[in-house]
Protein chains: 2
Amino acid sequence: MTLFQEHGYDRTTVEDIAARAGLTERTFFRYFTDKKEVLFGGSEVIHECLVTTITEAPQGTTPLDAVAAALEAMAPFFKDRRDHSRARQALLVAHAELRERELIKLASMASAAAETLRKRGVTEPAASLAAEAGIAVFKVAFERWLEDPKAQDYSRHLQLGLEELRALTASTETKSPRPPAKPARARGKP
Amino acid sequence: MTLFQEHGYDRTTVEDIAARAGLTERTFFRYFTDKKEVLFGGSEVIHECLVTTITEAPQGTTPLDAVAAALEAMAPFFKDRRDHSRARQALLVAHAELRERELIKLASMASAAAETLRKRGVTEPAASLAAEAGIAVFKVAFERWLEDPKAQDYSRHLQLGLEELRALTASTETKSPRPPAKPARARGKP
DNA sequence: AGGAGTGATGTCAGCAACTGACATCAAGGG
DNA sequence: CCCTTGATGTCAGTTGCTGACATCACTCCT
């Protein structure tokens, strides 16, 4: 990260990174499949957290709720790391290749979530959809968390995202007006 | 595509591709930023279709419905190309780098959709969420379309996906039982 | 007609990411 | 004390990709 920030991502060669770590370029590639991959360490831990949280969700939990719980369970990984996350995000924004990698990590989390749901007996189009929708909420919530001037919690943004998603999908299921559970803020199209 | 299928993706060098097209490697890179990019031609057209469809959605259309209409509008691009799409998908499945590229294309479509929604007056968390959720539905529907043994329409799968998403998100918004609009098939957790 | 500009292509040299094959070396176990 | 094993280094080679410059055709202007 320091190297990338000092000299920029592509003007930092793998040899540079390896040298900084006291290693050879070759050895670097034994630990990381990619130059990009250095920025994605610890993603396995999150992955695992996701899976176990869904697995251990109480019987009768809705698929989407199980996924939501898993996203919630990832909060500790981000807590107190907002600055670091922001710096990282800046790199992603500046380099498409890194964004690509991030996206495939998220996608693999989605498919892991879907599979875990299936193991819980959720049938197919539902499992994948719950997983993908969950990840969609995560993406938006995470980004908003990073940018939030009021610096509200990651958890808070998750919650808001889910709420909003529910509002969005509910809006035309039936033409009859729904009574809002809480007094609703201004939303989308009036 | 033929080259990739005959000799495999990574044993096909850019020089090979260029030669097959009667060009130089250098010239190839003037048309495509990447080796990967050859597989993603025409994505701009789809992109544009998406944007205009959302823009031209009738006043008062729900954000998610606007996105859904856009996904629907892409049907002609896939119609009668199931075999081709499948061959392509096989390549994606076999090569993570290609999947990465696909994902970033989808993500860029999502953000284009979000921006278009914003231009229609949709406020922020809603716009991004509708867009991302829509893309999530697309991903699942597209994949299921490719694999469907009954070879049902792409449009049909879209429709099913949306329906399922609505069912998923509606299920715990309020604890009171909802009357299902149609007699419901077996769904997720009983 | 002729020359100047313009855009598409080719040529060449070079860097950096990544890989395979083999050598080296330290730690631990029989 | 030697032998195995795993981690690291060395080296050479391939390929994706870029910058600088040359070439060529085509058009436009006088």
Side-chain angles (χ1 to χ4, degrees), chain A residues 1-45 47-48 84 87-108, chain B residues 1-45 47-48 84 87-108:
Chain A
M1 276 286 293
T2 32
L3 281 178
F4 288 159
Q5 283 170 338
E6 280 171 21
H7 314 118
Y9 176 75
D10 22 50
R11 279 188 313 178
T12 309
T13 138
V14 172
E15 199 177 350
D16 294 342
I17 307 175
R20 169 67 65 97
L23 293 175
T24 324
E25 191 187 347
R26 193 61 181 94
T27 321
F28 173 94
F29 281 112
R30 287 197 254 256
Y31 282 84
F32 303 96
T33 62
D34 246 5
K35 176 179 173 183
K36 308 162 204 157
E37 199 67 12
V38 256
L39 284 167
F40 296 86
S43 86
E44 323 79 23
V45 204
H47 196 101
E48 193 192 326
H84 174 270
R88 209 187 90 116
Q89 195 76 358
L91 277 176
L92 298 206
V93 168
H95 299 274
E97 354 157 27
L98 296 176
R99 240 173 307 141
E100 288 184 340
R101 181 57 50 87
E102 172 95 338
L103 288 171
I104 213 178
K105 296 282 180 188
L106 289 175
S108 97
Chain B
M1 276 285 293
T2 32
L3 281 178
F4 289 160
Q5 282 169 336
E6 280 172 21
H7 314 118
Y9 176 75
D10 22 50
R11 278 188 313 179
T12 310
T13 133
V14 173
E15 198 176 351
D16 294 341
I17 307 176
R20 169 68 66 97
L23 292 175
T24 324
E25 191 187 345
R26 193 59 181 94
T27 320
F28 173 94
F29 282 112
R30 288 197 252 257
Y31 282 85
F32 303 95
T33 63
D34 246 7
K35 176 179 173 184
K36 308 162 206 159
E37 200 68 13
V38 257
L39 284 167
F40 296 86
S43 87
E44 324 79 23
V45 204
H47 196 101
E48 193 192 326
H84 173 270
R88 208 187 92 116
Q89 194 76 359
L91 277 176
L92 298 206
V93 168
H95 299 275
E97 356 156 25
L98 296 176
R99 239 173 308 141
E100 287 184 341
R101 182 57 50 87
E102 172 96 336
L103 288 171
I104 213 179
K105 295 281 180 188
L106 290 175
S108 98

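It should be emphasised that the depicted structure is a prediction, and the values quoted were computed from it without experimental measurement. Proteins get letters first, then strands, A, B, ... in listed order; numbering begins at 1 in each.
- Helical stems of DNA chain C (runs of at least 3 Watson-Crick or G-U pairs, donor-acceptor distances under 3.5 Å) are listed by first residue: C:1-30 with D:1-30.
- The side chain to side chain contact (heavy atoms under 4.5 Å, CB included) test applied to A/Ala94 returns no partner, not counting sequence neighbours.
- Residues from residues 89-107 of chain B placing a heavy atom under 4.0 Å of any atom in DNA chain D do not occur.
- Residues passing the side chain to side chain contact (heavy atoms under 4.5 Å, CB included) test with A/Thr27, sequence neighbours excluded: A/Leu23, A/Thr24, A/Tyr31.
- The side chain to side chain donor-acceptor pair (under 3.5 Å) test applied to B/His84 returns B/Arg81, not counting sequence neighbours.
- Atom CD of A/Glu100 and atom CG of A/Leu92 lie 11.5 Å apart (nearest 0.5 Å).
- Per the geometry, OH belonging to B/Tyr31 stands 6 Å off C1' belonging to C/dA8, to the nearest Å.
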Only distances under 3.5 Å count here; give the side-chain donor-acceptor pairs of residues 14-21 of chain B to other protein atoms, sequence neighbours excluded, each with its distance to 0.1 Å.
residue	atom	partner	partner atom	Å
B/Asp16	OD2	B/Thr13	N	3.1

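- Rounded to an integer number of Å, the gap from B/Leu23 CG to C/dG10 P is 5 Å.
- Phosphate proximity of C/dG10 to B/Thr27: present, with a side-chain N or O under 4.0 Å from OP1 or OP2.
- Environment of CD in A/Gln5: crowded, with over 12 heavy atoms of neighbouring residues, nucleotides or ligands closer than 6.0 Å.
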Do any N or O atoms of the protein come closer than 3.5 Å to N or O atoms of nucleotides 22-25 of chain C, and which pairs are they?
none

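- Annotation: side chain to side chain contact (heavy atoms under 4.5 Å, CB included) contacts of A/Arg26 (sequence neighbours excluded): A/Phe29, A/Arg30.
- Near DNA chain C, meaning a heavy atom under 4.0 Å away, there are no residues from residues 1-21 of chain B.
- If you check residues 34-45 of chain A against DNA chain C, the residues with a heavy atom closer than 4.0 Å are A/Asp34, A/Lys35, listed by number.
- Rounded to an integer number of Å, the gap from CZ of B/Arg26 to P of C/dT11 is 13 Å.
- Here A/Arg99 pairs with nothing under the salt bridge (charged side-chain N to carboxylate O under 4.0 Å, His left out) rule; sequence neighbours left out.
- Nearest heavy-atom pair, A/Leu103 versus B/Ile104, reported as atom, atom and distance to 0.1 Å: CD1-CA, 3.5 Å.
- Two residues are said to be in side-chain contact when any heavy atoms from C-beta on lie closer than 4.5 Å; A/Leu98 and A/Arg88 fail this criterion.
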Pairs of donor and acceptor atoms involving the side chains of residues 34-41 of chain A, under 3.5 Å and at least two apart or interchain, shall be tabulated with distances.
residue	atom	partner	partner atom	Å
A/Asp34	OD2	A/Arg101	NH1	2.9
A/Asp34	OD2	A/Arg101	NH2	2.4
A/Lys35	NZ	A/Tyr9	O	3.1
A/Lys35	NZ	A/Thr12	O	2.8
A/Glu37	OE1	A/Arg101	NH1	2.6
A/Glu37	OE2	A/Lys105	NZ	2.6

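- Remark: B/Leu3 CG to B/Arg11 CZ distance equals 12.5 Å, nearest 0.5 Å.
- When the C1' atom of D/dT14 is taken as reference, atom CZ of A/Phe29 falls 14 Å away, rounded to whole Å.
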